[in-house]
Novice: 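Here it is, the structure in full.
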Amino acid sequence: MMDNKNLVEVQNLQQYFPVAGGKMFEKKVVKAVDNVSFGIKKGETLGLVGESGCGKTTTGRTLLRLHEPTAGKILFDGKDITKVNMLPYRRKMQIVFQDPYASLDPRMTVGDIIGEAIDIHRLAANKKDRQEQIISVLSTVGLNSEHANRYPHEFSGGQRQRVGIARALAVDPQFIVCDEPVSALDVSIQAQVVNMFEQLQEERGLTYLFIAHDLSIVKHISNRIGVMYLGKMVELADSYELTFHSLHPYTKSLISAIPIADPELSRKSNRIVLEGDVPSPVNPPSGCRFRTRCPYADELCAAQEPEWKEVTSGHYAACHHLDKVN
Ligand SMILES: Nc1ncnc2c1ncn2[C@@H]1O[C@H](COP(=O)(O)OP(=O)(O)OP(=O)(O)O)[C@@H](O)[C@H]1O
Ligand SMILES: [Mg+2]
């Protein structure tokens, strides 16, 4: 069902947040997303991974224009939506959040939460139609009409995430940012919810940006995977290719970090264990942002930012020393 055309595309996307502190007249910013470019094909799942704080959520939210981009361009279905009124696109582009509890209003019933989405986009002809739509979307996610009258706290974590998914689906979107939608769930429930995302994609031809910390979760659901480090995309490739033939030392370290529970992966790559913490995105290292933790770094890496290039067909990476690393 995958198409070769990009449904969503970002070009040199940048999201800087102002932060407090800094001397007078000196503006400090968090460079949360810095010059990131990628496309997501129709019907595709693009996985996005990287350590906490690397800018995954900000990328997802900015491409939905839940934050206004500092710079760069966002295209949806070939149209530049960087500056347009988003209301008509809100319906086509939805988000499912990591924490279904925080993202569902505790004072609203599940029926009202879903009904609200239907109302915003005037999708119901009348009250009866509205009610039918609510029940239909609840059944799509494995809930029933009785659940419509209950409040979020009356559900288990997995059910609550189903409500979050139902809310996104209620407006019949084409694209969904799935921001760590299973991270907060019990491991036993995670597979169920991931399977539901896959089934929905098959039935509806949905396109996903699927965000996760953990490569083990996204490698199965994603067609391609992008890896972020400190606001930059460092590598992007087909899922299998990225898992078994990663090029960038940071990606290799992420794969090394997957416990032996995934022997498929741990067998494959030479281990790279990172030392130290991720530097501050307020004051990132010069040149290559990964250099302070990279075992291969030298003066060139400090002096010059590595170019984002297509190394083999469809496999992109930004590193000065791919020859040394591989
Ligand atoms: N609204 C905001 N204002 C200021 N800084 C922000 C804002 N949102 C995010 N940041 C900062 O931007 C950086 C990227 O954050 P982001 O939430 O996108 O990372 P993430 O990869 O999603 O992390 P996690 O895995 O923890 O969810 C972080 O340094 C974060 O503190
Ligand atoms: Mg996040």
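These numbers come from a predicted model, not from an experiment. Along the sequence shown, residues are numbered consecutively beginning with 1. Order of listing sets the numbers, starting from 1, for every ligand and every atom in it.
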Novice: Describe, in one word, how the ring planes of Y316 and W308 are oriented to each other, choosing from parallel (under 30°), tilted (30 to 60°) and perpendicular (over 60°).
Specialist: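 Y316 and W308: parallel rings.
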
Novice: The Mg ion (ligand 2) and T58: any N/O/S contact shorter than 2.8 Å?
Specialist: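 No - counting backbone and side chain alike, T58 has no N, O or S atom under 2.8 Å.
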
Novice: Do protein heavy atoms approach atom 6 (C) of ligand 1 to less than 4.0 Å?
Specialist: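 Flag for atom 6 (C) of ligand 1 set to true, protein heavy atom closer than 4.0 Å.
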
Novice: Step by step, work out the side chain to side chain donor-acceptor pair (under 3.5 Å) result for H315 and E235.
Specialist: CA-CA 8 Å; H315 192 155; E235 186 163 3; 2.5 Å; yes

Novice: List the closest protein heavy-atom neighbour of atom 25 (O) of ligand 1: residue, atom name, distance to the nearest 0.1 Å.
Specialist: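 Residue, atom and distance for the closest contact: K56 NZ, 2.8 Å.
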
Novice: Look at atom 14 (C) of ligand 1 and find which of G231, G50, G53, P18 reaches it with the closest heavy atom.
Specialist: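 Among G231, G50, G53, P18, the closest heavy atom to atom 14 (C) of ligand 1 belongs to G53.
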
Novice: Mind checking whether Y208 and F197 have ring centres under 6.0 Å apart?
Specialist: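 Distance test on ring centres: under 6.0 Å, yes.
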
Novice: What protein heavy atom sits nearest atom 17 (O) of ligand 1, and how far away is it?
Specialist: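 So the nearest neighbour among protein heavy atoms is T57 CB, 3.8 Å.
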
Novice: Parallel, tilted or perpendicular for Y229 and F290, by the 30°/60° rule?
Specialist: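 Plane angle over 60°, so perpendicular.
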
Novice: So Q192 and R162, side chain to side chain donor-acceptor pair (under 3.5 Å) or not? Walk me through it.
Specialist: CA-CA 10 Å; Q192 281 176 23; R162 287 170 193 267; 3.2 Å; yes

Novice: Is the distance between the ring centroids of H320 and Y296 under 6.0 Å?
Specialist: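 Not under 6.0 Å, so no.
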
Novice: E180: heavy atom below 4.0 Å from ligand 1, yes or no?
Specialist: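 Yes, E180 has heavy atoms under 4.0 Å from ligand 1.
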
Novice: Is M228 touching ligand 1 with its side chain, its backbone, both, or neither, if touching means heavy atoms under 4.0 Å apart?
Specialist: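 M228 to ligand 1: no contact under 4.0 Å from either part.
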
Novice: Closest non-hydrogen protein atom to atom 15 (O) of ligand 1, residue and atom name please, with distance?
Specialist: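 Protein heavy atom at minimum distance: T58 OG1, 3.7 Å.
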
Novice: Is it the case that ligand 1 has an N or O less than 3.5 angstrom from some N or O of C54?
Specialist: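 By distance alone, the answer is yes.
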
Novice: Over 60° means perpendicular and under 30° means parallel, so classify the ring planes of H248 and Y250, tilted if in between.
Specialist: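 Rings of Y250 and H248: perpendicular, over 60°.
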
Novice: For a quick check under 3.5 Å, do T70 and Q14 share a side-chain donor-acceptor pair by atom type?
Specialist: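 No, no side-chain donor-acceptor pair sits under 3.5 Å.
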
Novice: Which residue and atom name correspond to the protein heavy atom nearest atom 3 (N) of ligand 1, and how close is it?
Specialist: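 Minimum-distance protein heavy atom for atom 3 (N) of ligand 1 reads F17 CG, 3.5 Å.
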
Novice: With a 4.0 Å cut-off on heavy atoms, is P281 touching ligand 1?
Specialist: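 Yes, that is the case, since the closest heavy atom of the residue is under 4.0 Å from the ligand.
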
Novice: For atom 30 (C) of ligand 1, what's the nearest protein heavy atom and its distance?
Specialist: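 Nearest neighbour among protein heavy atoms for atom 30 (C) of ligand 1, to 0.1 Å: V30 CG1, 4.8 Å.
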
Novice: Tell me whether the count of non-hydrogen atoms from other residues, nucleotides or ligands lying under 6.0 Å of CD in E146 goes above 12.
Specialist: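 Open: at most 12 neighbouring heavy atoms sit under 6.0 Å from CD of E146.
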
Novice: Tell me, which protein residue and heavy-atom name are nearest atom 12 (O) of ligand 1, and how many Å apart are they?
Specialist: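 Protein heavy atom with the smallest distance to atom 12 (O) of ligand 1: A32 CB, 3.3 Å.
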
Novice: Considering heavy atoms of the protein only, find what lies nearest to atom 26 (O) of ligand 1 and give residue, atom and distance to 0.1 Å.
Specialist: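 Result for atom 26 (O) of ligand 1: S52 OG, 2.5 Å.
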
